[in-house]
Protein chains: 2
Amino acid sequence: MARPAPSEARAQESPHSVSCRARDILGRIGDKWSLYVIFVLGEQTLRFTELKRGVEGISQRMLTVTLRGLERDGIVSRTVYPVVPPRVEYSLTPMGRTLLDTVGTLVRWADDHVERIQHARTAYDAREA
Amino acid sequence: MARPAPSEARAQESPHSVSCRARDILGRIGDKWSLYVIFVLGEQTLRFTELKRGVEGISQRMLTVTLRGLERDGIVSRTVYPVVPPRVEYSLTPMGRTLLDTVGTLVRWADDHVERIQHARTAYDAREA
DNA sequence: CGGAATCCGATCTGATACTG
DNA sequence: CAGTATCAGATCGGATTCCG
């Protein structure tokens with residue numbers, strides 16, 4: 001398993017350059033629903049419907065799409081049990097679990113700053129009007 | 001300055017619930033370009049054009065839109081100097097700076113996992129085809 | 001239960017042109 | 001320099017329907 005030499009090289013050529021492929025990945029994991037799904041999943045293993053209940057406000061379509069994307073990127077693993085009715089379980093892969101701390105921090109940041117940001121928005125909008 | 005009691009309450013009712021307003025905020029800061037702009041800005045103060053050069057691949061329009069959003073949310077501050085030609089400087093607000101560690105970690109994670117994710121995608125697509 | 005497929009309005013985004 | 005305005009193509013995302 002090639003563990004590529006991390007951000008050392010990048011850090012030397014330019015202090016803050018990001019490859020366009022990294023941007024692509026940021027787009028995926030930065031997605032509102034992806035963050036939310038990773039956060040809710042945590043260390044657990046959940047079925048589709050359980051996830052849907054956990055990720056409040058997500059539509060079935062978006063949950064499907066989001067999970068497919070995360071699975072494709074190797075962040076979420078999907079296990080299908082060949083029974084009737086179908087049983088499908090989702091959990092984070094080891095790689096996905098390495099995101100957990102950061103995502104948790106981000107989600108908690110958002111939650112902790114709801115009021116201040118709401119306030120900032122109101123102030124900004126008032127200034128514009 | 002009201003420093004609202006953080007995630008304690010939330011953590012007790014349900015282990016992983018996120019308010020819909022927090023989701024809204026996640027949507028903003030999780031945005032690919034927002035993350036990127038925050039990352040590039042860092043502790044610096046940069047002009048519009050400098051930012052545009054730093055955030056590789058962003059269009060002028062998206063930089064404008066992104067900055068407006070971040071400014072509205074109180075994450076970025078915008079200073080206009082009434083000179084000709086115009087001079088506008090952007091920097092993170094104190095609140096924005098509290099995001100820096102997390103955003104940096106996320107961006108570096110993406111950068112460090114480009115290869116593995118690319119590989120996972122190829123494997124996934126091959127399985128499907 | 002866990003989707004896939006389709007439709008369709010809403011939103012996003014790049015390109016281009018113009019401006020104080 | 002630092003935008004705004006506008007338009008057209010692309011994408012998103014919810015609602016609905018159907019299926020093994």
Side-chain angles (χ1 to χ4, degrees), chain A residues 20 23-37 40-41 44-73 76-91 121 124-125 127-129, chain B residues 18 20 23-37 40-41 44-73 76-91 124-125 127-129:
Chain A
C20 66
R23 247 188 296 141
D24 182 26
I25 294 171
L26 273 185
R28 160 96 56 217
I29 61 182
D31 175 79
K32 180 177 58 177
W33 293 124
S34 294
L35 287 174
Y36 202 166
V37 164
V40 168
L41 215 40
Q44 308 180 76
T45 293
L46 293 177
R47 300 180 59 171
F48 187 86
T49 311
E50 293 171 335
L51 256 175
K52 181 149 167 28
R53 221 174 304 124
V55 181
E56 207 176 340
I58 198 170
S59 68
Q60 183 228 41
R61 181 188 203 286
M62 284 321 292
L63 183 54
T64 302
V65 170
T66 303
L67 284 171
R68 284 292 171 281
L70 291 173
E71 186 197 357
R72 187 167 104 102
D73 286 0
V76 157
S77 77
R78 176 172 181 266
T79 312
V80 183
Y81 297 93
V83 296
V84 179
R87 176 182 189 86
V88 182
E89 290 184 345
Y90 293 92
S91 61
R121 284 182 185 177
Y124 182 91
D125 293 348
R127 222 174 306 139
E128 289 309 277
Chain B
V18 176
C20 66
R23 248 188 296 141
D24 182 26
I25 295 171
L26 273 186
R28 159 95 56 215
I29 62 181
D31 175 78
K32 179 177 60 176
W33 293 124
S34 294
L35 287 174
Y36 203 166
V37 164
V40 168
L41 214 42
Q44 309 179 75
T45 293
L46 294 176
R47 301 180 61 170
F48 187 85
T49 310
E50 292 171 337
L51 257 175
K52 181 149 168 27
R53 220 174 304 127
V55 181
E56 207 175 339
I58 198 171
S59 68
Q60 186 223 40
R61 180 186 155 69
M62 284 320 292
L63 182 55
T64 303
V65 171
T66 302
L67 284 171
R68 284 290 172 282
L70 291 172
E71 187 197 357
R72 186 166 104 103
D73 287 359
V76 157
S77 77
R78 175 172 180 266
T79 313
V80 183
Y81 297 92
V83 295
V84 179
R87 176 183 190 88
V88 181
E89 290 185 345
Y90 294 92
S91 61
Y124 182 91
D125 293 348
R127 222 174 307 141
E128 289 308 279

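Just so it is clear: chains get the letters A, B, ... in the order the sequence lines come, proteins before strands, and each one is counted from 1. Reckoned from all heavy atoms, side chains included, excluding hydrogens, waters and symmetry mates.
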Which one, D:dT4, C:dG2, D:dC1, comes nearest to the side chain of A:V88?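 Within the option list, the nearest is C:dG2.
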With a cut-off of 6.0 Å (strictly less than), are more than 12 heavy atoms of other residues, nucleotides or ligands near CD of A:E89? yes
Does A:E50 have more than 12 heavy atoms from other residues, nucleotides or ligands lying within 6.0 Å of its CD? yes
Interatomic distance, [X] [atom1] vs [N] [atom2] [rounded to whole Å]:
X: B:E71; N: D:dA2; atom1: CD; atom2: P; result: 14 Å
X: A:R78; N: C:dC1; atom1: CZ; atom2: C1'; result: 12 Å
X: B:F48; N: D:dG3; atom1: CZ; atom2: C1'; result: 7 Å
X: B:L46; N: D:dA2; atom1: CG; atom2: C1'; result: 15 Å
X: B:I58; N: D:dA2; atom1: CD1; atom2: P; result: 15 Å
X: A:R68; N: C:dG2; atom1: CZ; atom2: C1'; result: 9 Å
X: B:W33; N: C:dG14; atom1: CH2; atom2: P; result: 7 Å
X: A:M62; N: C:dG2; atom1: CE; atom2: P; result: 19 Å

Which atom of A:F48 lies closest to which atom of A:L63, heavy atoms considered: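 Scanning both residues completely, I find the closest heavy atoms to be O-CD2, 3.7 Å.
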Go through the steps to decide whether B:V37 and B:L67 satisfy the test side-chain contact (heavy atoms from CB on, under 4.5 Å), and finish with yes or no. CA-CA 8 Å; B:V37 164; B:L67 284 171; 4.0 Å; yes
Hey, is the side chain of B:R61 poking within less than 4.0 Å of OP1 or OP2 on C:dA15, counting only N and O atoms? no
Examine D:dA2: is either OP1 or OP2 under 4.0 Å from a nitrogen or oxygen in the side chain of B:T49? Give yes or no. yes
Let me know, please, whether A:D31 or B:E50 comes out on the 5' side of the other along DNA chain D by nearest nucleotide.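 That would be B:E50.
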Closer to the 5' end of DNA chain C via nearest nucleotide, is it B:Q60 or B:P85?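 Between the two, 5'-proximity favours B:Q60.
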Applying a 4.0 Å non-hydrogen cut-off, can you work out what A:Y90 is touching in the nucleic acid: base, sugar-phosphate, or nothing? sugar-phosphate
Is it true that A:T66 and A:S34 share a donor-acceptor pair across their side chains at a distance under 3.5 Å? no
